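The sequence lines fix the lettering, A, B, ..., with proteins before strands; numbering per chain opens at 1. Since the structure is predicted, the reported quantities are computational estimates derived from the model, not experimental observations.
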Amino acid sequence: MKWVYVEDIASFKDQEVEIRGWLYNKRSSGKIRFLLVRDGTGLIQGTLFDPEANKSLFDKFDELTQESSLLVRGTVREDKRAPGGYELSISDIEILQIAEEYPITPKEHGISFLMEHRHLWLRSQKQNAVLQIRVEVIRAIRDFFDGRRFRLMDTPILTPSACEGTTTLFETEYFDQKAYLSQSGQLYNEATAMAFGKVYCFGPTFRAEKSKTRKHLIEFWMVEPEVAFATLEDIIDLSQDLILFILERVLERNKNDLDVLERDTLPLETIQKPFPRVTYEDLLPKLQEKGSKIEWGMDLSAPEESILPEIFDSPVCITHFPAAIKAFYMQPDEKRPDTVLGVDVMASEGYGELIGGGQRIHDPKLLEQRIKEHNLPREDYKWYLDLRRYGSVPHSGFGLGVERVLSWICKIQHIRETIPFPRLLYKIYP
RNA sequence: UCCUCGGUAGCUCAAUCGGCAGAGCGGGUGGCUGUUAACCACUAGGUUGUAGGUUCGAGUCCUACCCGAGGAGCCA
């Protein structure tokens, strides 16, 4: 008998198939039995009738516990009463293992209990839906850049220096010296961009910040494109195209998952290019009007992020931040040298920063001066300064946080559910 | 790191003024021919986070500690 996956079940209507999976739930009503089987790609209901004729099947059904592993064989039938529209008239059940009493019942649980059982929680429907969307978001990102002929150039995870020196890094041994886990591939991206024109890196990044918020992970995935000869304008355009590409893909391919999450997709469907655009300076009075205490020179923080959806009902590009609150390598604006050619793309619905990026300093003297101003060890940046000595060109790039995008698209409360095994402040189990 | 709230059955929670520790789910047993987190009946299940203290008596009050959550700060 043919082994098939639940996600393909519609193409096997009226045929005998075998499903291999786990018991999600079961119900019985006198002489009729229902069982819900999950196989990782979906849920399907199986039915059993006539206990006299099918005694051994009924006995097996009665024995089954939640999450027992089993093979179910039967005929696929279309039935509106079944969840998903198709069900299996069971002809045979083969039990692989009767599961011990499963800790995650179909009723509600507290978050610390669920996090403690993350390895099992992944089997639940909503967690499955979020992570199915994650699969598609990552695929969309790769398709987007590969389709535009960006070269995937992976950057190292073990790095020799504190790169930006500002944030806390995870330190580790590297034979007889120290190494740090990467918090961004950007500086290396700038090198590969000078070698390959347009590049991107896509991998995990690590930040040892003691942040305890619903928007931060200690370990998260970031995609970072870098384009030689590109200006701030080019990169703003690219970032909008990327976000729209991801949105269209998920809306097209993950309808069921978004349904499971009860996500109202209208606010996502109506997003169009170009996104509203505002400079930091022009945004300040709008924020202050809504009660923010922000002053020129301060970074946007939690209160400001929550005010944004009152002003914009779309993602928004904020540009020209004060140089003092941004990274050392950011290109100053010619007309306003106290501001930089940087952009933050903020999500709609209050989900905060999706993208941060901008134009990089290409003038060797200015870059050297900035490194000095930021008290960074010049030794560590020798190779980086080389990029400005041998054919320096204007160039730009950005970083997009995968989990931030997922929180927003799935409209979930906490970023910890957007990655299979979240690493959180002081929490590394399981 | 700071502020706030919490820790009682496997899970989610209740317990009035300090006075018999209880319900739903899950487990077990029985019933029900289209269930949708099914339903109905019965049943087993407890070192109330830890250590001290006050009291005739502490889940409840006090002290310290441990753990967790929400928020703030931190944060390309």
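- Between A:His117 and A:Phe113, the ring planes lie tilted relative to each other; the angle falls in the 30° to 60° range.
- Nearest to the side chain of A:Lys210, among B:G73, B:G34, B:A37, sits B:G73.
- Looking only at atom types and distance, the side chain of A:Glu190 has a donor-acceptor partner in the side chain of A:His395 under 3.5 Å away.
- Within 4.0 Å (heavy atoms only), A:Gln125 reaches no atom of the nucleic acid at all.
- Among B:G34, B:C75, B:A72, the nucleotide with an atom closest to any side-chain atom of A:Arg207 is B:C75.
- For A:Lys273, the NZ atom is densely surrounded, since the number of other residues' heavy atoms within 6.0 Å is greater than 12.
- Out of B:G10, B:G34, B:G70, the shortest distance to the side chain of A:Gln45 is found at B:G34.
- Residue A:Arg416 has its side chain nearest to B:G70 when only B:G34, B:G70, B:C74 are considered.
- When distances run from any side-chain atom of A:Glu209 to the nucleotides B:C32, B:C74, B:G70, the shortest one goes to B:C74.
- Note on A:Lys215: nothing from the nucleic acid sits closer than 4.0 angstrom, heavy atoms only.
- Using a 4.0 Å heavy-atom distance criterion, A:His414 is classed as a sugar-phosphate-only contact.
- Using a 4.0 Å heavy-atom criterion, one finds that A:Thr65 contacts no nucleic acid atom at all.
- The listed nucleotides are B:G73, B:U33, B:C32; the one nearest the side chain of A:Ile32 is B:U33.
- Partner of A:Gln132 under the side-chain contact (heavy atoms from CB on, under 4.5 Å) criterion, out of A:Asp257, A:Val260, A:Thr41, A:Val137: A:Asp257 alone.
- When rounded to the nearest whole Å, the span between CD1 of A:Ile111 and P of B:G68 equals 13 Å.
- Within the 4.0 Å cut-off from OP1 or OP2 of B:G73, at least one side-chain nitrogen or oxygen of A:Ser301 is found.
- Aromatic ring orientation, A:Tyr280 versus A:Phe321: tilted (interplanar angle from 30° to 60°).
- Side-chain atoms of A:Arg81 lie closest to B:U35 of the nucleotides B:G26, B:U35, B:C74.
- The glycosidic torsion of B:C5 lies more than 90° away from 0, placing the base in the anti range.
- In this model, the phosphate group of B:U1 is approached by a side-chain N or O of A:Tyr426 to a distance below 4.0 Å at OP1 or OP2.
- The CZ-P distance, from A:Phe49 to B:U33, rounds to 12 Å in whole Å.
- Where A:Arg77 and A:Asp299 each meet RNA chain B at their nearest nucleotide, the meeting point lying more 5' is that of A:Arg77.
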Which nucleotides of RNA chain B pair, in dot-bracket form (Watson-Crick or G-U under 3.5 Å, | meaning another strand): (((((((..((((.....[..)))).(((((.......))))).....(((((..]....))))))))))))....
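- Within a 6.0 Å sphere centred on CZ of A:Phe421, heavy atoms belonging to other residues, nucleotides or ligands number more than 12.
- No side-chain donor from either of A:Gln125 and A:Arg38 sits under 3.5 Å from a side-chain acceptor of the other.
- Using a 4.0 Å heavy-atom distance criterion, A:Phe113 is classed as a sugar-phosphate-only contact.
- Within 4.0 Å (heavy atoms only), A:Glu353 reaches sugar-phosphate atoms of the nucleic acid but no base atom.
- Distance A:Lys26 NZ to B:C39 P: 15 Å, rounded to the nearest Å.
- Side-chain atoms of A:Glu116 stay outside donor-acceptor range of the base of B:G68, with no qualifying N/O pair under 3.5 Å.
- Rounded to whole Å, the distance from CG on A:Leu88 to P on B:G34 is 20 Å.
- Closest to the A:Glu101 side chain, of the nucleotides B:C75, B:U33, B:G26, is B:G26.
- Between the base of B:C11 and the side chain of A:His109 there is no donor-acceptor pair shorter than 3.5 Å.
- For A:Asp79, taking side-chain heavy atoms from C-beta onward, the closest of the listed nucleotides B:A72, B:U12, B:G34 is B:G34.
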For residues 215-224 of chain A, which side-chain N or O atoms pair as donor and acceptor with protein atoms under 3.5 Å away, sequence neighbours left out?
{"unit_1": "A:Lys215", "atom_1": "NZ", "unit_2": "A:Glu305", "atom_2": "OE1", "d": "2.6"}
{"unit_1": "A:His216", "atom_1": "ND1", "unit_2": "A:Thr213", "atom_2": "OG1", "d": "2.7"}
{"unit_1": "A:Glu224", "atom_1": "OE1", "unit_2": "A:Gly185", "atom_2": "N", "d": "2.8"}
{"unit_1": "A:Glu224", "atom_1": "OE2", "unit_2": "A:Ser184", "atom_2": "OG", "d": "2.9"}

Side chains of residues 14-21 of chain A: which donor-acceptor partners sit under 3.5 Å, not counting sequence neighbours?
{"unit_1": "A:Glu16", "atom_1": "OE2", "unit_2": "A:Thr75", "atom_2": "OG1", "d": "3.0"}
{"unit_1": "A:Glu18", "atom_1": "OE1", "unit_2": "A:Arg73", "atom_2": "NE", "d": "2.6"}
{"unit_1": "A:Glu18", "atom_1": "OE1", "unit_2": "A:Arg73", "atom_2": "NH2", "d": "3.0"}
{"unit_1": "A:Glu18", "atom_1": "OE2", "unit_2": "A:Arg20", "atom_2": "NE", "d": "2.7"}
{"unit_1": "A:Glu18", "atom_1": "OE2", "unit_2": "A:Arg20", "atom_2": "NH2", "d": "3.0"}

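- Within 4.0 Å of A:Ser112, counting heavy atoms only, lie sugar-phosphate atoms of the nucleic acid but no base atom.
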